[in-house]
Protein chains: 2
Amino acid sequence: MKDIARRAGVSESAVSFALNGRPGVSEATRARVRRVAEQLGWRPSTAARALSGEGAATVGFVLARPAHTLGVDSFFLQLVSGIQEVLAERHLGLLFQVAEDVADECAVYRRWWAEHRVDGVLVADPRAADPRPELLDELGLPAVVIGGAPDVRHPGLSTVWADDAGAMASVVDELTALGHRRIVHIAGLPDLAHTRRRIATLRAEAERRGLGEVRSVTTDYSDTEGAAVTRRVLGGSPPPTALIYDNDVMAVAGVAAAADLGFCVPQDVSVVSWEDSALCRMVTPRLSALSRDSAAFGRTAARELLALLDGAPARSVGVPVPRLTGRGSTGRAAPAGGRRVRE
Amino acid sequence: MKDIARRAGVSESAVSFALNGRPGVSEATRARVRRVAEQLGWRPSTAARALSGEGAATVGFVLARPAHTLGVDSFFLQLVSGIQEVLAERHLGLLFQVAEDVADECAVYRRWWAEHRVDGVLVADPRAADPRPELLDELGLPAVVIGGAPDVRHPGLSTVWADDAGAMASVVDELTALGHRRIVHIAGLPDLAHTRRRIATLRAEAERRGLGEVRSVTTDYSDTEGAAVTRRVLGGSPPPTALIYDNDVMAVAGVAAAADLGFCVPQDVSVVSWEDSALCRMVTPRLSALSRDSAAFGRTAARELLALLDGAPARSVGVPVPRLTGRGSTGRAAPAGGRRVRE
DNA sequence: TCTTGACACTCAAGCGCTTTAGCGAGCACC
DNA sequence: GGTGCTCGCTAAAGCGCTTGAGTGTCAAGA
């Protein structure tokens with residue numbers, strides 16, 4: 001920068017003004033400085049910038065999930081790639097960290113805050129009794145909660161949310177229209193806010209419609225638990241005629257487990273996956289799934305965070321309701337007692 | 001820090017010495033300073049540290065892959081989580097970026113370098129005629145190439161490599177022992193170095209054994225291409241009796257495609273997936289797969305980078321040869337002409 | 001002619017830390 | 001008793017940038 005100042009024949013401050021688009025230099029000088037800077041391939045040192053109060057030009061993202069459920073999910077990489085896309089436009093960096101659990105995640109936020117490492121954070125997987133909004137509010141760290149319900153208690157946080165309730169209602173609509181009355185929802189982690197929302201909505205919808213045998217079972221999202229729960233519920237009497245899985249991995253594992261028990265999909269039991277991916281298109285039958293655009297979700301979240309960093313007030317925005325892509329795994333409910341069971 | 005100095009009754013420099021374990025203060029003072037710092041919940045500002053020449057305490061990782069192949073692969077999230085694990089021990093941050101292509105990736109390195117944003121980088125997916133080692137050498141940015149062959153031309157870069165050649169040889173061993181002589185390798189992106197290594201090894205092994213009909217077909221790793229190629233090669237006459245897929249996604253898609261054509265796995269055709277994951281265990285039959293520990297791969301790479309940052313000389317380390325986990329998708333080769341084809 | 005003010009720019013302080021040079025005290029040694 | 005050394009510490013500069021206060025110039029207005 002000193003070099004630029006020297007070569008352009010002005011002071012360092014002038015260079016700073018010129019390069020940051022601030023008033024205080026003539027257009028001629030600005031252009032000259034810009035040219036010299038370009039020639040020299042100059043880029044501001046983020047460290048120096050951060051030190052003089054400009055912020056770290058970095059956004060943080062912590063993922064707190066058990067390690068074994070990490071790789072399975074296609075959702076997060078898509079999400080991150082969407083986030084990236086928006087951040088890259090402004091040359092903001094994404095600091096990524098994997099944490100053990102929420103407590104660990106909070107520690108990371110504290111550290112980042114103390115070290116002035118990030119200007120804001122994206123919070124994933126909001127939970128029941130989540131300590132994170134509280135903490136971030138306290139630290140004054142701008143944050144966007146991804147997938148959370150609008151949270152009136154923490155007006156400082158923005159929220160980007162998918163309408164799980166609406167989506168669940170539409171799935172139940174679809175299934176009841178096909179004659180299903182015994183539905184089991186193989187849900188995800190019980191602590192997650194969206195898991196609770198889905199469960200609550202399912203129960204409400206079932207009551208509204210007078211459906212008797214409808215329930216949710218929580219899992220850890222793994223194929224193992226998905227298969228185990230499937231075996232368990234299909235062993236009940238009478239077994240459900242429709243299964244809703246909270247992710248694609250469990251849905252696929254569930255179909256395999258069902259097949260092992262002699263249940264045909266969709267003749268004996270219909271299956272819906274709450275997550276669309278290549279997986280759903282690779283198995284036989286292809287799975288009917290709720291498609292959402294995870295990358296777009298990430299983009300929206302990142303944009304909200306940028307707005308927050310620009311000083312805009314926090315707000316809550318929704319992303320489109322995921323829609324059900326019907327494929328071969330959903331069909332009319334089997335008439336009561338008509339299911340085939342392997343002897 | 002000023003506060004600490006005041007409360008501990010020493011100068012700021014003494015605090016710096018004490019906290020960084022440098023000589024120049026008595027043990028008594030050091031302990032006192034440490035205590036006060038802890039009390040105050042002090043953490044050094046990364047920005048200030050970086051500015052005074054300590055480095056950014058951050059490692060960069062760029063992923064340059066077509067967006068649609070991103071979410072599918074379980075490999076990367078596992079890898080990153082392994083990397084993280086090691087970096088976290090030293091409180092190093094991981095700056096993550098998704099790039100369009102290698103040129104874009106190079107631009108990111110240049111920017112990071114100019115902005116002093118990272119102390120080193122991890123380079124994934126080494127390619128044939130890869131410009132990145134050259135660039136990183138030129139910039140003097142410490143780097144570890146993940147999955148690259150040891151590169152003698154760039155002695156500044158460390159390399160962490162998996163023995164693809166050995167693994168391929170063992171797979172061919174296994175298949176020929178089962179009587180397979182017509183093998184098709186559905187490979188990944190043709191530019192990737194490890195794709196080339198696998199292809200070359202397969203050819204060499206085939207020649208060594210006098211196997212006639214052995215070839216590799218490159219793809220973009222997607223389920224779509226995996227299925228398409230499978231259909232194409234199984235339509236040949238005579239069709240191969242064994243298929244080796246370079247990732248799990250294609251293998252699963254391939255099995256489905258084979259089933260569509262009336263080929264039974266493993267009676268008509270054996271399938272091996274070069275990537276083990278929940279996916280391989282979810283389909284019927286369960287897929288025989290090469291298992292490697294991606295997280296451990298990431299940990300090793302991160303450790304190598306740390307060593308580099310500590311001033312150790314660059315070196316090349318191997319990770320264990322992935323071993324073939326036999327499951328239901330491999331069996332004896334069908335006798336020539338004995339395959340069933342749907343009429 | 002003198003004031004006023006806008007404008008283009010410079011000066012210098014300061015962000016929070018590291019680090020080199022230096023200083024005084026205490027000690028050993030000849 | 002002086003010299004030379006080590007030890008524990010302080011003072012101050014500097015990393016690269018931003019920024020508020022200040023300076024000089026020129027043109028318009030009184």
Side-chain angles (χ1 to χ4, degrees), chain A residues 1-34 36-38 40-58 91-93 111-119 309 311, chain B residues 1-34 36-38 40-58 91-93 111-119 309 311:
Chain A
M1 191 154 159
K2 218 180 291 180
D3 287 352
I4 302 180
R6 189 150 16 85
R7 298 209 192 190
V10 290
S11 73
E12 271 186 67
S13 345
V15 174
S16 176
F17 291 144
L19 260 19
N20 291 312
R22 256 177 254 285
V25 289
S26 65
E27 278 313 313
T29 311
R30 192 186 299 277
R32 185 156 35 91
V33 169
R34 283 239 170 88
V36 176
E38 186 126 353
L40 264 50
W42 176 88
R43 297 249 78 210
S45 145
T46 16
R49 263 222 153 106
L51 195 53
S52 38
E54 280 294 88
T58 306
H91 292 309
L92 289 182
R111 192 152 52 72
W112 279 353
W113 173 81
E115 293 177 351
H116 300 285
R117 245 176 182 294
V118 298
D119 301 329
L309 295 181
Chain B
M1 192 154 160
K2 217 180 291 178
D3 287 353
I4 301 180
R6 190 149 18 85
R7 297 209 194 191
V10 290
S11 72
E12 271 186 67
S13 346
V15 174
S16 177
F17 291 145
L19 260 18
N20 291 312
R22 256 176 254 286
V25 289
S26 66
E27 277 314 311
T29 311
R30 192 185 300 277
R32 186 156 34 92
V33 169
R34 284 239 171 87
V36 176
E38 186 127 352
L40 266 50
W42 177 87
R43 297 249 79 210
S45 144
T46 14
R49 264 223 153 105
L51 194 52
S52 37
E54 280 294 86
T58 306
H91 293 308
L92 288 182
R111 193 152 49 72
W112 280 351
W113 172 81
E115 294 177 352
H116 299 286
R117 245 176 181 294
V118 298
D119 301 329
L309 295 181

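Residue numbering restarts at 1 for every chain, and letters A, B, ... go by the order of the sequence lines.
Side-chain atoms of B:Ser16 and B:Met1, non-hydrogen and from C-beta on, do get closer than 4.5 Å to each other. Counting heavy atoms from C-beta outward, B:Leu19 and B:Trp42 have side chains that approach closer than 4.5 Å. Using a 4.5 Å cut-off on side-chain heavy atoms (C-beta onward), B:Arg117 and A:Thr58 make contact. The closest side-chain heavy-atom distance from A:Val25 to A:Val33 is not below 4.5 Å.
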Please list, pair by pair, any protein nitrogen or oxygen found under 3.5 Å from a nitrogen or oxygen in nucleotides 22-24 of chain C.
none

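Side chain of A:Ser52 to main chain of A:Ala48: a donor-acceptor pair is present (N/O by atom type, distance under 3.5 Å, no hydrogens or angles). Checking side-chain atoms of A:Thr46 against main-chain N and O of B:Glu115 turns up a donor-acceptor pair under 3.5 Å. A:Arg30 places no side-chain N or O within donor-acceptor distance of the main-chain N or O of A:Gly24, the cut-off being under 3.5 Å.
If you measure from atom CD1 of A:Ile4 to atom C1' of D:dT18, you get 15 Å, rounded to the nearest angstrom.
Taking A:Arg32 as the reference, nothing meets the salt bridge (Lys or Arg N to Asp or Glu O under 4.0 Å) condition, with sequence neighbours excluded. Take A:Arg7 and apply the side-chain hydrogen bond (donor to acceptor under 3.5 Å, both in side chains) test, not counting sequence neighbours, and it matches no residue. Not counting sequence neighbours, the partners of B:Arg6 by the salt bridge (Lys or Arg N to Asp or Glu O under 4.0 Å) test are B:Asp3.
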**OP:** Could you run through nucleotides 10-18 of chain C and give me one letter per nucleotide, 5' to 3': B if any protein heavy atom sits under 4.0 Å from the base, S if only the sugar-phosphate is that close, - if neither?
**Re:** BBB-BBBBB

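Annotation: the terminal axes of the helix from C:dT1-D:dA30 to C:dC30-D:dG1 meet at 60°, where each axis is the rotation carrying the C1' atoms of four end pairs onto the next four (5 pairs per end, rounded to 10°).
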